[in-house]
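I have placed the structure first, in the form of structure tokens, so that the comments after it can refer back to it.
So you know, we letter chains A, B, ... as the sequences are listed, proteins then strands, and number each from 1.
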There are 2 protein chains.
Amino acid sequence: MALTTKDIARLAGVSQSTVSRSLNNSPLISDETRGRVLRIAEELGFELNANARGLSTNRTNTIGVIYPDDYLDHDVSLYLGSLLTQLRKILEQWDLDLIVAFKENRKTGVDSIKRLVMRKKVDALIIVQSHTDERTLEFLKKTNIPCVLLHFYQSSKATEGIDQVYADHVAGGYLGCEHLIKLGHRRILCVSAEGEEEYEQRRCGYRAALERYGIAYDPALMLNGDRTFQSGYDLVMDHEALFDSVTAVFVHTDIMALGVMEALKARGRRIPEDIAVVGYDDVELSAYFQPHLTTVHQPREELAAVACQHLMELLSSKRTVRGEQIKIQPSLVVRQSCGAHLVSTMVHDTDL
Amino acid sequence: MALTTKDIARLAGVSQSTVSRSLNNSPLISDETRGRVLRIAEELGFELNANARGLSTNRTNTIGVIYPDDYLDHDVSLYLGSLLTQLRKILEQWDLDLIVAFKENRKTGVDSIKRLVMRKKVDALIIVQSHTDERTLEFLKKTNIPCVLLHFYQSSKATEGIDQVYADHVAGGYLGCEHLIKLGHRRILCVSAEGEEEYEQRRCGYRAALERYGIAYDPALMLNGDRTFQSGYDLVMDHEALFDSVTAVFVHTDIMALGVMEALKARGRRIPEDIAVVGYDDVELSAYFQPHLTTVHQPREELAAVACQHLMELLSSKRTVRGEQIKIQPSLVVRQSCGAHLVSTMVHDTDL
DNA sequence: CTGTTAGCGCGTTCAG
DNA sequence: CTGAACGCGCTAACAG
């Protein structure tokens with residue numbers, strides 16, 4: 001069998017509880033005793049049994065992360081992968097392990113959140129999915145487990161009392177569109193997507209920008225893809241005339257934007273000279289394509305940092321109020337595809 | 001406090017151990033009793049406490065996956081991400097949770113393998129890293145924890161007795177090069193990478209194919225990149241004459257291959273008419289680039305399946321012999337960049 | 001088939 | 001400051 005505190009105790013000539021206290025930096029131990037115990041434990045490569053520890057303390061030092069199923073689909077996984085990477089980096093600093101699971105086991109159908117929480121496999125939850133059903137939200141509140149809904153924002157009576165950290169997609173939509181307007185574009189095609197709320201918000205921001213600058217919203221300039229590269233590509237090929245009739249496109253995911261760009265290039269249109277393109281997400285991948293994509297940066301670093309910070313405060317009971325909703329602002333990353341580097345003077349608000 | 005088996009016992013009017021047995025499908029329980037217990041547990045959404053369970057059984061139902069640090073670097077993460085996805089899918093079927101960690105905590109410097117094993121946070125380990133040091137290997141053998149080294153092959157006295165599942169990179173290198181030879185190419189530039197053993201193996205396969213077909217190996221036709229898209233791109237730009245002097249390039253990662261293709265296109269060379277390109281990995285991403293990349297498929301599905309299968313057998317004690325080394329064969333995926341679809345007749349072995 | 005009892009390894013009173 | 005004793009919630013003999 002493996003080493004236990006009892007073994008260490010015997011070797012150090014002290015009691016088991018003294019070992020426990022030494023290993024947990026209890027102030028109730030003399031430096032000398034602690035030193036002796038630690039040295040012995042160190043020498044033997046001793047580590048406390050996490051199960052026993054968890055059983056006594058009700059703490060596991062692991063965080064559950066719930067990710068949407070479509071994270072496994074390559075095309076939509078890039079931004080989410082990037083977000084997960086951020087979470088990993090931060091939680092590693094706190095020495096917390098990560099269990100990533102999907103809403104439910106696709107084979108057994110078992111609800112992962114309930115399972116992880118009720119079995120006490122995790123101390124807290126970071127939930128990244130577009131929609132969490134009411135039953136689950138009530139469950140989270142009832143159990144009072146530290147938890148934050150990340151990235152996707154959800155609003156209903158059921159989400160009251162649940163912490164949320166999410167990006168302002170309306171602002172992102174506004175930002176991307178406004179940038180194109182300021183570059184002088186008036187007919188701006190919008191390639192959005194269906195399914196998630198966030199795309200509706202981006203469209204909303206797009207419309208708000210148009211309105212702000214006195215441009216009438218034309219429903220004919222609104223297209224929806226399915227978030228894949230291919231759909232971006234196909235959209236261009238299937239709506240040649242439409243794309244020919246505009247001077248700019250605002251695409252609501254980078255992957256689709258890259259598909260749009262490739263299709264436009266294949267059709268002989270120069271970017272940004274003939275048509276400007278702005279994307280959304282700022283995935284690392286876009287660095288591989290020419291011209292470099294101007295895009296709305298999803299603030300994953302800040303999203304992850306704030307969510308984790310929040311979670312740590314809940315875990316340490318430094319924070320007791322629940323239900324805070326923190327909106328993070330995206331930013332615009334100007335590169336080449338919008339043509340901003342070509343125009344000497346930007347159109348300013350006052351000129352419009 | 002949360003529900004316990006004792007609570008369920010009280011409600012069902014049976015003893016705590018009867019509850020435990022019912023919940024664990026023990027054959028020692030009458031259908032009637034079990035039914036009653038299960039119904040009550042179900043109604044209350046009861047779940048067994050994983051810590052208590054782990055403490056008694058020494059089983060946690062979670063698997064540790066050790067990933068290399070550079071998994072966080074976007075350019076090299078694509079294939080590894082794809083492999084991890086496969087692992088996730090398979091382990092989900094077994095209802096096992098996954099803790100993914102890096103060799104060591106980059107902040108505290110603590111060795112993850114030792115920590116996870118000694119603390120008994122995981123039942124088994126899947127280790128994906130190019131080099132596992134001798135001390136760790138000895139540790140793994142000493143503790144006798146079910147474990148398999150995945151993807152990266154390592155050979156030394158220390159790895160004896162350690163199970164390994166890996167791809168045959170020599171065969172992959174051979175496959176890619178042979179394909180080009182059969183298409184009639186004689187001067188085949190090889191763009192490989194430094195650092196990992198697997199690239200040396202791919203180079204080895206490349207050379208073996210040349211030899212097999214009576215083509216002298218020319219060291220001038222061997223270049224090394226750093227596995228990034230940019231390095232593929234730069235290599236072309238920095239060695240224009242060299243690339244102009246060959247009719248084919250065999251690039252040892254898809255990402256670099258895409259960089260090479262983009263650079264070649266930028267220089268006005270047609271692929272595959274002027275120059276054929278073959279990659280290695282078969283990452284989903286390459287579907288975004290034209291022409292579609294012919295490449296050596298890393299058999300991640302099989303690697304993951306075999307590794308997990310193996311692990312399950314070790315966990316269930318169905319397998320007792322340790323130290324098996326399973327080599328998985330890669331395959332060639334012929335698409336457009338090699339030009340195979342253009343030639344009516346392949347050159348056959350007998351013609352050479 | 002079921003109940004009783006004893007740990008699993010640790011944290012934590014409570015005495016001293 | 002340290003040790004003895006108990007309990008966390010569950011599994012696993014051991015009786016019956």
Side-chain angles (χ1 to χ4, degrees), chain A residues 1-38 40-41 44-62 115-123 143, chain B residues 1-38 40-41 44-62 115-123 143 315 317:
Chain A
M1 224 33 261
L3 282 175
T4 70
T5 43
K6 205 191 284 183
D7 298 321
I8 306 293
R10 196 165 26 73
L11 294 171
V14 297
S15 75
Q16 178 267 335
S17 35
T18 298
V19 173
S20 173
R21 285 193 270 253
S22 300
L23 262 29
N24 287 300
N25 289 315
S26 159
L28 303 176
I29 296 287
S30 74
D31 287 349
E32 188 202 334
T33 310
R34 185 202 316 285
R36 188 150 38 88
V37 172
L38 289 185
I40 294 179
L44 275 53
F46 175 79
E47 294 272 353
L48 291 167
N49 180 309
N51 290 313
R53 211 160 194 237
L55 187 55
S56 321
T57 61
N58 246 324
R59 279 287 208 118
T60 61
N61 289 313
T62 105
R115 180 177 64 81
L116 291 173
V117 174
M118 295 299 284
R119 291 190 185 173
K120 299 211 179 303
K121 286 202 78 160
V122 300
D123 296 333
T143 59
Chain B
M1 225 32 261
L3 282 175
T4 70
T5 44
K6 205 191 283 181
D7 299 321
I8 306 292
R10 196 164 28 71
L11 294 172
V14 296
S15 77
Q16 180 268 338
S17 37
T18 297
V19 173
S20 173
R21 285 194 272 253
S22 300
L23 262 28
N24 287 299
N25 289 315
S26 159
L28 302 176
I29 296 287
S30 73
D31 287 349
E32 188 203 331
T33 311
R34 185 203 314 287
R36 187 150 38 91
V37 171
L38 288 185
I40 296 179
L44 276 53
F46 175 78
E47 294 273 351
L48 291 167
N49 181 308
N51 290 314
R53 212 161 192 235
L55 187 55
S56 318
T57 62
N58 245 326
R59 280 286 208 121
T60 62
N61 290 312
T62 106
R115 180 177 63 81
L116 291 172
V117 174
M118 295 299 284
R119 292 190 184 173
K120 300 210 179 301
K121 286 202 78 160
V122 299
D123 296 333
T143 60
L315 278 170
S317 310

Tell me the interatomic distance from [X], atom [atom1], to [N], atom [atom2], rounded to whole angstroms.
X	N	atom1	atom2	result
B:K6	D:dG7	NZ	P	9 Å
A:L55	C:dG11	CG	P	11 Å
A:R34	D:dG3	CZ	P	14 Å
A:Q16	D:dA5	CD	C1'	11 Å
A:R59	C:dG11	CZ	P	13 Å
A:N58	D:dG7	CG	P	17 Å
B:D7	D:dC8	CG	C1'	13 Å
A:E32	D:dT2	CD	C1'	13 Å

Overall bend - the helix from C:dC1-D:dG16 to C:dG16-D:dC1, comparing terminal axes fitted on five pairs, nearest 10 degrees: 40°
Check [X] against [Y] and note the closest heavy-atom contact, atom names and distance.
X	Y	answer
B:I29	B:T18	CD1-CG2, 3.9 Å
B:L23	B:A41	CD1-CB, 4.3 Å
B:L38	B:S22	CD2-O, 4.1 Å
B:D123	B:N58	OD1-O, 4.1 Å
A:A2	A:D7	O-OD2, 3.9 Å

Which is more 5' along DNA chain D, the nucleotide nearest A:V14 or the one nearest B:N24? Just name the residue. A:V14
When you check the phosphate oxygens OP1 and OP2 of [N], does a side-chain N or O of [X] lie under 4.0 Å from one of them?
X	N	answer
A:T57	C:dG11	no
B:T33	C:dC1	no
B:T18	C:dT2	no
B:S56	D:dC10	no
B:T4	D:dC8	no

Can you sort out which residues in residues 46-54 of chain B have a heavy atom within less than 4.0 Å of DNA chain C? Ascending by number, please. none
Would you say the base of C:dG11 and the side-chain of A:T5 have a donor-acceptor pair closer than 3.5 Å? no
So, the side chain of [X] versus the backbone of [Y]: is there a donor-acceptor pair under 3.5 Å, distance only?
X	Y	answer
B:S20	B:Q16	no
A:R53	B:R119	no
A:K121	B:T60	yes

Partner set under salt bridge (charged side-chain N to carboxylate O under 4.0 Å, His left out) for [X], not counting sequence neighbours:
X	value
A:R115	B:D97
B:R34	none
A:R36	none

For nucleotides 13-16 of chain D, print each protein N/O atom paired with a nucleotide N/O atom at under 3.5 Å, atom names and distance only.
from, atom 1, to, atom 2, distance (Å)
D:dA13, N6, B:R21, NH1, 3.1

Reported CZ-to-OG1 distance for the pair B:R10 and B:T4, which is rounded to 0.5 angstrom: 8.0 Å
Heavy atoms only, 4.0 Å cut-off, all strands: where does A:S20 land among base, sugar-phosphate and nothing? base
